[in-house]
Amino acid sequence: MRPFFYIFKGGNPLYIIEMRNITKSFPGIIANDDITLQLKKGEIHALLGENGAGKSTLMSVLFGLYYPEAGAIYKNGEPVQIQGPNDANRLGIGMVHQHFKLVHNFTVLENIVLGVETTRSGVLQMKEAREKVLALSKKYSFDIDIDKEVRHISVGMQQRVEILKMLYRENEILIFDEPTAVLTPQEIEALMQTMRDMAAEGKSILFITHKLDEIKQVADRCSVLRKGKMIGTINVAETTKEEMSEMMVGRKVLLSLDKEEASPGETIMSVRNLTQKGKAGEKDPLKKISFDVKAGEILCIAGIEGNGQTELVYALTGLKHIDGGQVTMEGVDITKAKIRKRTETGISHIPEDRHRHGLVLEYTLAQNTILQTYYKPTHQSMGFLKAREVIAYANRLIERFDIRAGEGADTPARAMSGGNQQKVILAREIDRDPKLLIAVQPTRGLDVGAIEYIHRQLLAQRDSGKAVLLVSLELEEVMNVSDRILVMYEGEIVADVNPKDVTFRELGLYMSGAKRMESGVAV
Amino acid sequence: MNRDAVMSFLSSLVVLAAGLLIGFIVLLVSNASASWEAFRTILTFGFSGIRNVGDVLLGATPIIMTGLSVAFAFKTGLFNIGATGQFAFGGLTAILIGTNFEGMPNGLRVLFALVAATTAGALWGAVPGLLKAFRNVHEVISCIMTNYIGMFLVTFLIDRYAFNPAIGKSQALPEGSNLPTLGFERIFREEFLPGFFRVSRVNAGIVIAVVVAVIIYIILEKTTFGYELKACGFNKDAAKYAGISQNRNIVASMMISGALAGLGGALLYMSGTESMGASNVLLPYGFTGISVAFLGLNHPVGIIFSGSLVSYLFLGGARTQVMGFSIEVVEIVISVIIYFCAFVFLVKTFLGKHIGKLLRRKGERGDGA
């Protein structure tokens, strides 16, 4: 779909930024294949696509981090060369990265001026900078204390610092890379408002996301990428979410999961007063946590990242010791049991970080499928691994869980895609026929198709009478999949709710600590 | 052969060539007129006669063992630079047993010496292993210490129990305490006068080293024990997640690593070619083992070849002394070559990237044509 003016040498002055016929490839993959993206002045333009669709690559090209093999970039119709972030900055292009680039022991103000400080005879002149930052902060009603060190402010505030950085540099093209992933619903609302305000000021915004609701709320136009190709650019107001998701995935997707009512049975795991002390001067990561997980239910732990979820899972699975409390599995005390002992009581664990805990990346797919069972007679005899049986076992899992890998069972885990790596872990953990499946952010970084698949598998586990403990940061997932929700805030459980009786907004209030249930929590 | 193996082999060749080039420059600077001949000698001497081939194998035996020792620990994520100390301990044990226990039948005494030396190496290797597992002391630090403690202890014990004042070194082992030669003396020999032979002292040691390498390969690749060890080495968090005991594996790995080095010490001093010095010097074999392990890409079979190669270079290098090169220069040249070998992983990664790219480009061009 090439525009008619393609014959002209220059770009189209209608667009503040025009990326034309961009092609960028990496070994074995074409990340951007002849992509043309046009950004109008003052619009909010969403860039939608699954993981690996090429969104981040395209934005990295615009920001000068990658240099494309083919294609050209125009600003206001003039061709420009962007060789690095400094060029991008000079052209007024700013970016809020998914992982913030802030100096933690600098104050907000210092972070904002870092790199563009005004100095007189080598001495920093902060007065003007201070006034300018305060003015900007007031204009967009950012309620921010610019003298606080960045490590002491919340993630939402840190994002505002990143935005102020761009505004301070008077950037006019602002790129947001998945900005809502780490925010509470209230913070997301505030961010949306800020984006609208900035667009009204004449700034042009590129907004990378895979969340359709946010696009509906805030974007004017949306370009959809799939497998490195531009599928099309649409006007958001005229397009439904279903249509957008179909463009993104290439087939119809059920956005909501239809599931039967849960029928919880016996208590499988019971947690009482679980406590973990923090290091000197730090808060305790876990404060007297108590709850039960029952057979046939999906219990979800919701909360913003870093509120004790990781520590809780480590405590339950034995990866880290605890300072107090008790964990029982079907009445048997496993508080002090070693990891393998716990595994043998029927706990399966899909870990938060699949590269750190879930897989040995240097091992093959087959070797990874036996990580938890290599010592069982089915996989070894007299200390020798049964090579043929292991391969056969891996092939069975590949078939049953539809794992795609170039060299089948012999594929190195490192060479597999994230979704398929996750499927290997899922397959391994489910195939052990556990009583309790602990799944920590099992869909993190996966595309819609894979997410759908994993949710179905979790439901299938529940329906076959297993207990499922799901830890998730994605509110959508929490609401969709779970039968019961516990909200964690600063190491405590502050709410125990049924997803049917609670709104996104309310959950957000619990997650940010603004509200809490006082009585009868969780037990 | 798969792509990875080709890349491994290629990259070993590349670093070797670079090392030889720089080594040649060192020779050139040291003595320009004889440099070419010396260089040629280093490259060809090891193959210039069947006896020399035997000597290459003889020299390869101890460094194959220390190479295996380093590589085995490395597979578990440990850097055993204590192989030198473990080697010395094994050697000392072999010498003490070989020079005593005269009442024992020869075969039994040899076997006893080998087993005891292996055990001694394992025990000395266990020290850094235990410290790492239970006190979280970094193994490199404790290995350096055990190397020195080992060195002084060995000097002390040699001095007291097996000293030969005539040469200032340990007593020679009685012939019956040496390793059997398996008839090698009839193969690896040269007739320099009718009826008179120069014979290589190559012996059962090299056979033992090769067999051990194969056993190590089997342990690492075919057993659950090797599966656990490598899981710990590749990703200790994943190993922990899978309920594999990190501590047990660290100690086991260091003990086996130490055992390999200890056996290497026995194989050297039971060849009838070397005596153990009673001067306070760290033995070079453990450190050469590091180069051998890296050059062999930490693969047991690769180490058989890299050990032989390094031994080959040493033999040729030593020969250049007859051209007036001092032993120090020779050591520098060999060290330079080995030093370059340390870049083998770097080169492999580089080759993997760029040759891969080249191949793809060719493919694209082919498509276009």
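Basis for what follows: all heavy atoms, side chains included, without hydrogens, waters or symmetry-related copies. The sequence lines fix the lettering, A, B, ..., with proteins before strands; numbering per chain opens at 1.
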Residue, of [options], that accumulates the most heavy atom pairs under 4.5 Å with chain B:
{"options": "A:L371, A:L359, A:V360, A:T373", "answer": "A:L371"}
{"options": "A:H379, A:Q367, A:K338", "answer": "A:Q367"}
{"options": "A:R356, A:Q372, A:K386, A:M382", "answer": "A:R356"}

Portion of B:I244 that has a non-hydrogen atom of chain A nearer than 4.5 angstrom:
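Interface part for B:I244: both.
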
Per-residue contact mode, B:K236 against chain A (heavy atom under 4.5 angstrom)
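Neither part, no heavy atoms under 4.5 Å.
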
Would the number of heavy atoms belonging to other residues, nucleotides or ligands and lying under 6.0 Å from [atom1] of [X] be above 12?
{"X": "A:K336", "atom1": "NZ", "value": "no"}
{"X": "A:R340", "atom1": "CZ", "value": "yes"}
{"X": "A:Y66", "atom1": "OH", "value": "no"}
{"X": "B:F305", "atom1": "CZ", "value": "no"}

Whether the side chain of B:Y241 engages the backbone of A:H349 through a donor-acceptor N/O pair (distance < 3.5 Å, no angle test) should be reported.
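Side chain of B:Y241 to backbone of A:H349, a donor-acceptor pair under 3.5 Å: yes, one is there.
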
With distance as the sole test, does B:N235 use its side chain to make a donor-acceptor pair with the main-chain N or O of A:H355 at under 3.5 Å?
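Yes; judged by distance alone, with no hydrogens or angles, the pair exists.
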
Rounded distance [0.5 Å steps], OH in A:Y314 versus NZ in B:K240
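The distance works out to 8.5 Å.
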
Could you walk me through whether A:Y375 and B:T224 pass side chain to side chain contact (heavy atoms under 4.5 Å, CB included), step by step?
CA-CA 7 Å; A:Y375 59 90; B:T224 51; 5.5 Å; no

Take A:Y363 and B:K230 through the test side chain to side chain contact (heavy atoms under 4.5 Å, CB included) and record every step on the way to the result.
CA-CA 9 Å; A:Y363 274 172; B:K230 286 192 296 174; 3.0 Å; yes

Do the side chains of A:L385 and B:K222 get nearer than 4.5 Å, heavy atoms only?
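No - every pair of side-chain heavy atoms lies 4.5 Å or more apart.
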
Which atoms of A:R354 are under 4.5 Å from chain B, going by heavy atoms: the side chain, the backbone, both sets, or neither?
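No part of it gets close to chain B.
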
Can you see whether B:Y227 engages A:Q380 through a side-chain donor-acceptor pair at a distance of less than 3.5 angstrom?
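Note: B:Y227 and A:Q380 side chains miss the donor-acceptor criterion.
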
